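Heads up: the structure comes next, in structure tokens.
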Amino acid sequence: MRTSQYILATLKETPSDAEIVSHQLMLRAGMIRRVASGLYTWLPSGLRVLKKVENIVREEMDKAGAIEMLMPIIQPADLWEESGRWEQFGPELLRINDRHNRPFALGPTHEEVITDFVRKEVSSYKQLPLTLYQVQTKVRDEVRPRFGVMRAREFTMKDAYSFHLSDECLEKTYQVMHTAYCNIFERLGLDYRPVIADTGSIGGSVSHEFHVLAESGEDAIAFSDASDYAANIEKAEALAPTDARPAATKELKAFPTPDAKTIAELKEHYGVKPHRGVKTLIVYGAPDENEQRGLVALIVRGDHELNELKAEKHPLVDSPLEMAKEEDIVAAIGAKPGSLGPVGLNMPIIVDRTANVMADFVAGANKDGEHFSGINWDRDVENYEVADIRNIVEGDPSPCGQGTLQIKRGIEVGHIFQLGTKYSEAMKAGVLSESGKNQIMTMGCYGIGVSRIVAAAIEQNNDEYGIKWPQPIAPFDLAIVPMNMHKSHRIPDIANNLYDGLKAQGIDVLFDDRKERPGVMFNDMELLGVPYTLVIGERNLDENKVELKNRRTGEKLMLDLDTAIAEIAALVKG
RNA sequence: CGGCGAUUAGCGCAGUUUGGUAGCGCACUUGGUUUGGGUCCAAGGGGUCGCAGGUUCAAAUCCUGCAUCGCCGACCA
């Protein structure tokens, strides 16, 4: 490609609404432009990267035995009603009506369509197991799109679905896909981790997320410092403390706290250290046989956070978890939030494991402007349950039994699930088994955020000059930058010959043939992150040399003009 | 969905307090100059100042409504 016939579209200034470095650099390097909130046009340079990522994903999927197909973005509402997700999905599912006023959804994912396809086309156990995939545009009407293509409303995703007769067979394919995912992120040249994850709205049992590690990541991941255990923070178990609860030494005593409604204020005005008190959170309980929801109290140590996901999995708690409204709390307890505690509380109480080993602690007195000190479990609070309902914190023991936990941030770029029969059962997707009986298939699903990988790769590979692409996904392998070509007799011929020769070697070359000053060209190529720059100037031609610069290492190599093509080809492809 | 802020040329911004003919830098066009790391000089093109209404002799500027975009929050009692 010649820059004179290309649209480089680099910017000197950073558009003001770009927050994180990948978004800024994608705009500045001329990869994307915003069309509306969360909607982007991919410019040629951006598309080149996107395609390279896509192709690596494709090659590894094919190697893993998955078969590519393509499903529509627009999907009929009936399929979503069948799976129950038409109601369940919420406003993130973008819904449209056609000219006959029939309802459709723009697909945020394709479980319904693929399950419908397979139940119609696959009828015998002999056709299983089967893994199908596509690389396609997904639509999710995000509450808050941000960070450019990182959280866009329209994005490119690779989604694969596997179908099996048994859970054992599903587990086998799941492992194959897990390995394929690791291969993909290795080939992309990214620092990543597979982590144990929650299954969320997609459903199912076993699940792993693949995270690219980056400070700007939206997810927190807990790692063991002594094993390869890694889990999404929302999923990491907080083990029960090994220390036994100390004996009670203090009497239960009320004290006035008119200025304290929060743990922080309690510390500031009354000197109560957060880890010596507990937080009492009131949520709605699971509905009873009359569909009535009572209240449930959740208690965690003052310096800990409630883990919503863990709490809503408790049978007493309604799912999804919902914090009680203030008027319901006042009606049931007689005190407002800020003065609540477990003593004399007339509702089910769930106590976090760590809060359960506290003695002589502080909590609200269930009377506005009053707290108790010297509270002790069993003596002052009799009926309660103990469960793991808090987020882990750095330094907690690892659930794997080895080492302590550390927390890092990551960008979720892949997520794989053992779905089980959630969709196949709802949509009656079965095949005839060996014994001639209809049997519901068990399913797996495997997603990779292709466009998000592009942004994540930049988060991990940039410097003050711009992007530093890993070779396999760079928009171009090499840029030819001639010095003052229009003033030279021999440079145009030599540059053109090198350009043709390198292209013939299958190398993606960007030939900067603009009539620009050298500095402009160097800056643009560095911003765009092209891994190698081949500089052709009179100075070195006198010795029959050209200069090859490595974007990542800054290393400069002087190449002999006659052997340059072969040497570059070996470097780029090796 | 709640709070805050922004909206003036393709991009980055000033002008709004105190109403009086729309500005700067970058980018773009033309000519010259320069040429191994974002040259310099000169001349140009480009705007219904987000939209609608109001006040006024006069509105980018004041008032009202709306839209769009962004940030923060959406359990932390």
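Each chain gets a letter, A, B and so on, in the order its sequence line appears, and its residues count up from 1. Keep in mind it's a predicted model, so treat the numbers as computed, not measured. When reading the values below, keep in mind they use all heavy atoms of this one structure, side chains included, and skip hydrogens, waters and symmetry mates.
The listed nucleotides are G36(B), C75(B), G38(B); the one nearest the side chain of Asn540(A) is G36(B). Of the candidates C69(B), C13(B), U39(B), the closest approach to any side-chain atom of Val520(A) belongs to U39(B). Picking from C11(B), A77(B), C13(B) the nucleotide with the shortest atom distance to the side chain of Pro337(A) gives A77(B). Closest to the side chain of Met323(A), out of U39(B), G12(B), C75(B), is C75(B). In this structure, the nucleotide among G36(B), A74(B), C71(B) sitting nearest to the side chain of Val143(A) is A74(B).
Ser37(A) has a side-chain polar atom (N or O) that falls below the 4.0 Å cut-off from OP1 or OP2 of G70(B). Checking the phosphate oxygens (OP1, OP2) of C11(B), no side-chain nitrogen or oxygen of Arg28(A) falls inside 4.0 Å. Residue Ser16(A) places no side-chain N or O under 4.0 Å from the OP1 or OP2 atom of G70(B). Considering only side-chain N and O atoms, Arg517(A) lies under 4.0 angstrom from the phosphate OP1 or OP2 of U39(B). In this structure, Arg144(A) reaches the C71(B) phosphate: one of its side-chain N or O atoms is under 4.0 Å from OP1 or OP2.
At most 12 heavy atoms of other shown residues, nucleotides or ligands fall within 6.0 angstrom of atom OH in Tyr465(A). Surrounding NE2 of His489(A) are at most 12 heavy atoms belonging to other residues, nucleotides or ligands under 6.0 Å away.
U30(B) and A67(B) have their C1' atoms separated by 40 Å, given to the nearest Å. Rounded to whole Å, the P atom of U55(B) lies 15 Å from the corresponding atom of U64(B). Using P as the reference atom, C57(B) and G12(B) are 39 Å apart when rounded to the nearest Å. For the C1' atoms, the distance linking A60(B) with C51(B) amounts to 14 Å, nearest Å. Atom name C1', nucleotides A9(B) and G5(B): the rounded distance is 23 Å, in whole Å. Annotation: A22(B) and C41(B) have their P atoms spaced 28 Å apart (nearest Å). Between U16(B) and U8(B), the distance separating the two C1' atoms is 11 Å to the nearest Å.
For Glu538(A) against G36(B), no side-chain N or O and base N or O form a donor-acceptor pair under 3.5 Å. Remark: the Glu516(A) side chain and the G38(B) base include no donor-acceptor N/O pair separated by less than 3.5 Å. Judged by distance alone with a 3.5 Å cut-off, no donor-acceptor contact links the side chain of Lys12(A) to the base of C26(B). Evaluation of atom-type donor-acceptor distances gives no pair under 3.5 Å for the side chain of Asp17(A) against the base of G70(B).
Using a 4.0 Å cut-off between charged nitrogen and carboxylate oxygen, Arg539(A) and Glu547(A) do not count as a salt-bridge pair. Salt bridge Asp463(A)/Arg551(A): present, at least one basic N to carboxylate O contact under 4.0 Å.
Residue-level contact check: Leu281(A) touches the bases, meaning some heavy atom is under 4.0 Å from a base atom.
Place Thr14(A) and Lys556(A) on RNA chain B by their nearest nucleotides, and Thr14(A) ends up nearer the 5' end. Across the interface with RNA chain B, nearest-nucleotide mapping of Glu526(A) and Ile263(A) shows Glu526(A) to be the residue nearer the 5′ end.
For the residue pair Glu234(A)/Asn391(A), the side-chain donor-acceptor check at 3.5 Å is not satisfied. Side chains of Thr137(A) and Glu154(A): no donor on one and acceptor on the other come within 3.5 Å.
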